[in-house]
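These notes concern the structure reproduced below.
Since we're looking at a predicted model, the values are computed, not measured. Below, each value reflects all heavy atoms present in this structure, side chains not excepted, and no hydrogens, waters or symmetry copies.
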Amino acid sequence: MSSQPQATPKTPSGWKSILKRAWPTIRILLSVALLWKATSGIDWHTLLDSEIKMEPLWFLAALACMMTAFVCGGYRWGLFMQAVGFPRRIHSYIGLYFAGGLINQGLPSTLGGDSYRAITATHLTNSGNLSDPKELDQELHHSVDLGHATPKLRLSFAMVLVDRLLGLAGNNLLGGIGLILGGATLAIWGQDLGYAVMGIMILAGLIISVILAWTPSRQLLQKLLDRFQMNNAMPGIRLAFSWPTNLAQAVLAIGIHFLTILTLLFCLKAYGVDAPIEALMIGLPALSLLLMLPISISGWGLREATLSSVLALWGVNPSLTVIASISYGALTVISVLPGAYFLLKRK
C-alpha cells in the first residue's frame with residue numbers, strides 16, 4: 001500500500017460551484033419544511049390533555065440499543081480494514097465510525113462521515129495515532145478525487161463501500177422479513193413484495209459467493225482490482241461475501257438494523273405506544289432507502305413524515321409517532337457524541 005502524491009483536485013466553477021455551496025442550506029430548509037409539515041397536524045392541547053403515561057426508562061434502553069448498533073458497525077468495518085492490511089486497531093476503527101456518524105448528523109463539513117473515516121483511516125498508525133496531521137487536515141478539507149487518489153486511499157474507500165453494501169443488504173433483508181410478516185396490512189401485494197425482496201437478496205448473495213469461489217471468475221475480479229490499483233482488496237471482499245462467512249455477515253447486518261428498530265420501538269414505548277414490530281420492520285428499512293437521497297439533514301423531517309404515515313396503517317397515533325421519531329433522532333445524536341473525542345483528538 002504505497003503512498004503516492006495526490007493530484008490537486010479541480011475546483012468546480014459556475015453554477016456547479018454555487019449549487020455546491022448552497023446545497024447544505026437547501027438541505028436545512030428542506031428538513032425544517034418537512035419537520036414543520038409533520039408536526040403541524042399535532043393538536044398539542046388534546047395531546048397534553050390525554051395524560052400520556054411517560055416511561056423514561058425506555059429511553060435508556062433505546063440509547064443502549066443505538067450505541068450497540070454503532071459499536072457493532074464499527075467492529076465490522078474494522079475487520080475489513082484489518083483484513084486488507086491496515087493497522088490492527090479495532091477500537092480505533094470503532095472510534096472513527098462514531099466520528100463519522102457524528103459528522104453524518106449534520107456537523108459542518110465538506111464531506112460526509114464515510115469519507116471522513118476512509119481518509120482518516122489511511123493515516124492511522126499501529127500505535128493508534130494519526131500520522132501527518134497537516135496532510136490529513138488538507139485532505140479532509142478538499143473534495144476527494146478517487147481518479148487521482150493513492151492506492152491506499154482507494155483501498156480504504158473500497159472497504160467503506162463493502163461495509164455500506166453489507167449494511168444495505170441487512171436493511172433490505174430485514175425489510176423483506178417485515179413485509180412477509182405484516183405486508184398484508186400495507187397492501188394486497190405487500191407480502192408478495194417481501195418474498196420477492198428476500199429472493200432477490202438471497203440470489204444476489206449466492207451469485208457473488210459463486211463468483212468468489214470459482215477460480216476463473218475470482219482471478220478476473222482480481223485483475224479488475226489490480227487495474228484500479230486496489231490489489232489488496234480481495235481479502236476484505238471475501239471476508240464480506242464469500243461462503244460461509246457471508247451467512248455470518250448477513251446475520252450481523254440484520255442484527256445491527258434490528259437494534260435501530262428496537263431503538264424506535266423503545267422510544268414509542270416511552271410514550272405508552274405499543275407499535276407492532278412488523279410495522280417498524282417495514283417503515284424503518286423503507287426510510288433508510290429514502291435517506292440515501294441527500295434531501296434532508298440526517299433524515300430530520302423526512303423521518304417524521306414517513307413514519308407517521310406508515311405506522312398510521314396499524315392504528316398508531318401519528319402525533320405520538322412524530323414525537324417518538326424526534327426522540328429517536330435526538331437519541332441518535334447523543335449516541336454518536338463519543339465521536340466528538342476522536343474529532344477533537346485530531347485537532
Side-chain angles (χ1 to χ4, degrees), residues 69 72-86 93 97 114 118 154-184 186-187 189-228 230-261 277-278 280-292:
C72 292
Y75 178 79
R76 178 181 63 193
W77 174 56
L79 291 179
F80 298 146
M81 296 296 283
Q82 291 178 165
V84 297
F86 283 91
Y93 296 114
Y97 199 86
D114 288 344
R154 292 186 184 190
L155 184 62
S156 184
F157 267 97
M159 291 305 101
V160 170
L161 177 60
V162 167
D163 176 65
R164 276 296 192 178
L165 288 175
L166 277 175
L168 179 62
N171 179 78
N172 293 346
L173 286 169
L174 192 59
I177 295 171
L179 285 168
I180 292 172
L181 296 177
L186 186 67
W189 41 263
Q191 197 172 52
D192 293 334
L193 178 60
Y195 284 115
V197 170
M198 290 293 292
I200 291 172
M201 295 306 301
I202 292 173
L203 179 61
L206 289 174
I207 291 174
I208 295 173
S209 62
V210 168
I211 291 174
L212 293 174
W214 191 39
T215 302
S217 59
R218 187 173 66 249
Q219 291 175 344
L220 183 62
L221 176 59
Q222 183 62 59
K223 290 180 180 178
L224 183 63
L225 293 172
D226 293 342
R227 182 178 179 183
F228 287 100
M230 293 188 294
N231 314 54
N232 300 325
M234 185 61 78
I237 295 174
R238 296 191 69 177
L239 178 61
F241 301 113
S242 66
W243 178 269
T245 57
N246 55 358
L247 286 179
Q249 295 290 358
V251 171
L252 178 59
I254 292 173
I256 290 172
H257 282 281
F258 191 71
L259 284 169
T260 65
I261 286 175
I277 189 69
E278 63 269 20
L280 303 182
M281 291 172 65
I282 294 173
L284 213 52
L287 175 64
S288 296
L289 295 178
L290 285 176
L291 293 183
M292 294 175 68

L239 and V162: CA distance, side-chain angles, deciding distance, side-chain contact (heavy atoms from CB on, under 4.5 Å) verdict:
CA-CA 10 Å; L239 178 61; V162 167; over 6 Å; no

Are side-chain heavy atoms of [X] and [Y] found at a separation under 4.5 Å?
{"X": "N172", "Y": "L289", "value": "yes"}
{"X": "T245", "Y": "R238", "value": "no"}
{"X": "Y195", "Y": "L179", "value": "no"}

Closest approach of [X] and [Y], non-hydrogen atoms and distance?
{"X": "L252", "Y": "C72", "answer": "CD1-CB, 4.4 Å"}
{"X": "Q249", "Y": "L166", "answer": "OE1-CD1, 3.7 Å"}
{"X": "R154", "Y": "F228", "answer": "NH1-O, 3.0 Å"}
{"X": "H257", "Y": "N171", "answer": "CD2-N, 3.4 Å"}
{"X": "F86", "Y": "S156", "answer": "CZ-CB, 3.9 Å"}
{"X": "A69", "Y": "T260", "answer": "CB-CG2, 4.3 Å"}

Output the distance between atom [atom1] ([X]) and atom [atom2] ([Y]), rounded to the nearest 0.5 Å.
{"X": "N232", "Y": "I237", "atom1": "CG", "atom2": "CD1", "value": "11.0 Å"}
{"X": "M281", "Y": "I254", "atom1": "CE", "atom2": "CD1", "value": "8.5 Å"}
{"X": "I256", "Y": "Y75", "atom1": "CD1", "atom2": "OH", "value": "11.5 Å"}
{"X": "M234", "Y": "L224", "atom1": "CE", "atom2": "CG", "value": "9.0 Å"}

Sequence neighbours excluded, which residues qualify as ring pair (Phe, Tyr, Trp, His ring centres under 6.0 Å) partners of Y93?
W77

side-chain contact (heavy atoms from CB on, under 4.5 Å) between L193 and L186, worked out
CA-CA 11 Å; L193 178 60; L186 186 67; 6.0 Å; no

Between V160 and F80, does a side-chain contact (heavy atoms from CB on, under 4.5 Å) hold up when you go through it step by step?
CA-CA 9 Å; V160 170; F80 298 146; over 6 Å; no

Anything under 3.5 Å between a donor and an acceptor, one on a side chain of residues 202-222, the other on a protein residue two or more places apart or in another chain? List them.
unit_1: S209; atom_1: OG; unit_2: G205; atom_2: O; d: 3.2
unit_1: S209; atom_1: OG; unit_2: L206; atom_2: O; d: 2.7
unit_1: S217; atom_1: OG; unit_2: I211; atom_2: O; d: 2.5
unit_1: S217; atom_1: OG; unit_2: W214; atom_2: O; d: 2.9
unit_1: R218; atom_1: NH1; unit_2: L212; atom_2: O; d: 2.9
unit_1: R218; atom_1: NH1; unit_2: A213; atom_2: O; d: 3.3
unit_1: Q222; atom_1: NE2; unit_2: D226; atom_2: OD1; d: 2.9
unit_1: Q222; atom_1: NE2; unit_2: N231; atom_2: O; d: 3.1

Taking the side chain from Q191 and the backbone from G183, do they hold a donor-acceptor pair closer than 3.5 Å?
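No, because the side chain of Q191 does not come within donor-acceptor range (under 3.5 Å) of the backbone of G183.
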
